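What follows is a short report on a single structure.
Bear in mind that the values here come from a model prediction, so they are computed numbers and not experimental data.
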Amino acid sequence: MSPPLTELDINTQNGGFYNGFSTAVAVPAKIIISILVVWAIFWPIQSGAVLNGFNAFILQNFAAWYIWVVAFFIIVCFILAVWPAAGRLNLGLEHEKPEFNNFSWFSMMFGAGIGVGMLTWAVAEPVSHFGSNPETIMGMTQGGSADNVRMAYKWSFLHWGFSAWACYAICGLSLAFFSYRRGLPLTIRSGLTPLFGQSLAGVLGHVIDVVAVVATILGVAQTLGFGVDQFVAGLGRIGIGGLADAEGAATTTGIIIALLVIMGLSTLSALSGVGKGIKWLSNINMALSIVLLGFFIIFGATWFGFNAMFVGLWDYVLALPEMSFNVFRSDGVEGSESFLLAQWQGWWPVFYWAWWIAFAPFVGLFLARISRGRTIREFVLGALIVPALMCFVWFAWAGGTAIDLELNGGADGVIFDAANGDKIFAMTEFMLSPVSEWLAWGMALLIVVLLMTFLVTSADSAVLIVNTINAAGDEGPKSRPHILFWGVALALVVAGLLISGGTTAIQTAMVIGALPFSIVMALMAVALLKAIYNDTRREKAGVPTTHDNIEGATGNGIAAGLGAPAE
């Protein structure tokens with residue numbers, strides 16, 4: 001067998017404003033995002049109608065695709081973890097060791113991947129499923145009753161568990177494998193070289209990277225959209241009012257102020273790079289997360305949360321195969337059981353799978369960047385299981401405390417009736433106000449600071465990742481104007497869509513943007529399996545598989561990819 005491909009000759013500019021960037025990726029990506037911003041801000045009604053039409057079409061025709069492709073990602077991750085030949089491979093050269101210690105690795109992984117969502121959905125989602133889920137629609141349990149708690153956690157764990165992290169892990173594994181073992185650029189197209197070879201240096205590769213950039217911006221915009229609403233709600237709780245309407249949603253002024261704070265700080269952090277600003281912010285928000293979670297475990301519904309954690313985990317693992325593959329199909333009769341089940345699946349699993357897929361270029365490339373030197377098995381266990389368990393702990397004790405207070409603690413709707421972003425604030429205030437108003441205020445302040453660090457970490461990581469893709473995988477310092485552009489562009493996408501249609505508009509745009517990248521990710525998974533299988537054959541034949549060995553063994557240009565086949 002021939003050695004693998006170790007170079008993609010992606011054209012980048014040698015000078016000028018786009019020095020070091022691939023204009024074939026950076027310019028189209030900027031144009032697409034700019035058009036979306038202008039369209040959403042100046043023609044909100046028209047843009048909303050068109051986006052909703054596309055969204056309805058996708059939910060009707062591609063819901064099954066989203067369900068099944070994420071199930072495929074879980075299966076691939078499991079195969080790679082238990083396959084001895086794959087699990088022992090280093091995501092780097094054989095002698096390399098991890099750059100970051102385990103605490104920083106987990107902190108950055110969790111903060112960039114799902115950290116923001118925990119503060120909104122760890123309380124709001126179990127509460128929502130406690131009221132309605134497929135079992136209540138089918139009449140198997142009663143919404144809002146004690147016998148529905150297990151169902152609430154089964155579905156909550158599905159959405160934030162292995163499925164989410166499998167999306168991230170597939171993307172991250174692919175990028176780390178091909179970039180650090182093969183020496184290919186740290187960009188999305190490199191993950192498809194076993195299938196398309198050198199053709200990825202041209203138009204096909206440019207299209208793939210543009211799709212990844214657009215998906216990343218829309219996926220992160222979804223996270224920031226939820227975060228802005230919650231940030232404004234938190235500011236109101238600590239005494240900075242007038243930024244939300246009567247229903248608790250952020251006003252235009254509130255959106256602008258929140259984004260100025262979040263994106264201003266994130267842009268400054270992005271300018272400092274991964275090893276400084278992002279690393280320290282990740283460590284800070286992990287420490288604050290532990291403090292807040294410890295509060296819920298010790299002073300919240302301790303036993304209720306313990307029961308929810310382990311019984312919910314048991315139910316989730318047993319039901320995972322069925323939940324991962326089952327597609328609810330509507331009979332088209334509005335209000336019928338099948339119609340309601342299909343509608344619920346579109347609102348929850350399909351939306352989440354689109355969100356995680358849209359988020360995958362960002363989180364996957366970021367995971368690859370911080371995971372060099374780790375084995376594939378270590379990566380899968382660390383990036384799939386540990387963060388998922390952290391999510392389960394949050395849902396069990398934060399959400400469990402909310403449900404227990406409503407069922408047994410006399411909350412009487414104070415938590416359930418609050419807006420989703422405000423539920424965690426309503427819960428902590430209900431718990432602490434009888435003890436001390438200052439304690440309640442201090443806890444609200446801690447949550448606001450924690451939320452801000454999570455949002456800043458996600459936003460600045462996204463800006464760096466987008467610039468890395470635009471620069472054909474170059475991880476080095478990027479021109480400040482480009483960092484500033486993407487920081488401003490991300491803020492304008494969030495602001496434009498929030499102002500024109502609220503978080504629903506962002507959800508719609510994100511579901512649409514995720515569809516083409518879901519196809520790219522499926523191909524990445526296939527390509528990764530093919531590459532590892534072929535590497536096992538190469539090892540048996542004595543053919544080198546990493547770029548350093550190829551260079552040392554040949555010295556004749558094959559190491560640079562000249563004349564080498566795709567795989």
Side-chain angles (χ1 to χ4, degrees), residues 57-81 83 86 113 158-159 161-179 184 187-197 199-200 203-216 218-219 320-321 323-327 345-346 349-365 367-368 376 379-380 383-384 469 510-534 566-567:
F57 174 80
I58 289 173
L59 291 179
Q60 182 177 353
N61 295 280
F62 291 95
W65 163 255
Y66 274 122
I67 297 296
W68 293 335
V69 79
V70 172
F72 172 62
F73 297 152
I74 297 176
I75 293 170
V76 172
C77 285
F78 177 77
I79 291 171
L80 293 174
W83 182 9
L158 171 70
H159 299 149
F162 304 145
S163 302
W165 289 94
C167 295
Y168 303 156
I170 287 295
C171 202
L173 273 173
S174 177
L175 290 164
F177 182 89
F178 291 105
S179 296
L184 294 170
T187 188
I188 303 299
R189 71 178 81 186
S190 296
L192 300 181
T193 49
L195 303 180
F196 301 108
S199 63
L200 290 167
V203 174
L204 177 61
H206 301 331
V207 171
I208 289 168
D209 282 349
V210 169
V211 166
V213 169
V214 173
T216 298
L218 294 177
L320 182 60
M323 293 190 297
S324 296
F325 287 97
N326 184 41
V327 177
Q345 191 168 55
V350 173
F351 159 69
Y352 270 126
W353 295 175
W355 190 4
W356 304 148
I357 288 169
F359 221 48
F362 153 51
V363 180
L365 206 154
L367 289 183
I376 287 180
F379 182 98
V380 171
L384 191 69
I469 298 174
M510 182 269 301
V511 169
I512 296 169
L515 182 60
F517 191 71
S518 69
I519 299 170
V520 173
M521 279 187 61
L523 293 174
M524 291 173 76
V526 173
L528 184 61
L529 291 172
K530 179 183 178 183
I532 294 174
Y533 171 70
N534 282 341
E567 276 297 327

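- A368 and G172 get closest at one heavy-atom pair: CB-O, 3.6 Å.
- Listed for the R189 side chain is a donor-acceptor partner under 3.5 Å among the backbone atoms of L200.
- You'll find the side chain of F73 stays beyond 4.5 Å of the side chain of W353, heavy atoms only.
- The two residues G364 and L175 have their closest heavy-atom pair at C-CD1, 3.9 Å.
- Within a 6.0 Å radius of OH in Y533, other residues, nucleotides and ligands contribute 12 heavy atoms or fewer.
- Under the ring-ring contact (aromatic ring centres under 6.0 Å, His included) rule, H159 has a single partner from W355, W165, W356, Y352, which is Y352.
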(message) Determine whether I188 and V211 satisfy the following criterion, side chain to side chain contact (heavy atoms under 4.5 Å, CB included), listing intermediate values before the conclusion.
(response) CA-CA 10 Å; I188 303 299; V211 166; over 6 Å; no
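- Residues that satisfy the side chain to side chain contact (heavy atoms under 4.5 Å, CB included) test with A71, not counting sequence neighbours, are S324, F325.
- Between I532 and A86, the shortest heavy-atom contact is CG2-CB, 3.7 Å.
- For the atom pair CD1 (I79) and CD1 (I74), the distance works out to 12.0 Å, reported to the nearest 0.5 Å.
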(request) Begin from the C-alpha positions of S163 and L158 and carry the test side chain to side chain contact (heavy atoms under 4.5 Å, CB included) through to its verdict. (result) CA-CA 7 Å; S163 302; L158 171 70; 4.1 Å; yes
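- Heavy atoms only, all atoms of each residue included: A212 and T216 are closest at O-OG1, 2.7 Å.
- Of all heavy-atom pairs spanning G191 and P194, the tightest one is O-CD, 4.0 Å.
- You'll find the side chain of I67 reaches within 4.5 Å of the side chain of P349, heavy atoms only.
- Taking 4.5 Å as the limit, some side-chain heavy atom of C77 sits within range of a side-chain heavy atom of I170.
- Between A166 and L384 the shortest heavy-atom distance is N-CD1, 3.2 Å.
- In this structure, OG in S179 is found 7.5 Å from CG in L365, a value given to the nearest 0.5 Å.
- Judged by distance alone, with hydrogens and angles left aside, the side-chain atoms of S174 form no donor-acceptor pair with the main-chain N or O of C171 at under 3.5 Å.
- To the nearest 0.5 Å, the span separating CD1 on I75 from CH2 on W68 amounts to 12.5 Å.
- F379 has its side chain within reach of L367: a pair of non-hydrogen atoms, C-beta onward, lies under 4.5 Å apart.
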Scan the side chains in residues 510-529 for donor-acceptor partners under 3.5 Å anywhere in the protein, sequence neighbours excluded, and list what turns up.
residue	atom	partner	partner atom	Å
S518	OG	W65	NE1	2.8
S518	OG	L515	O	2.5

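- Remark: F57 pairs with N61, F62 by the side chain to side chain contact (heavy atoms under 4.5 Å, CB included) rule, at least two apart or across chains.
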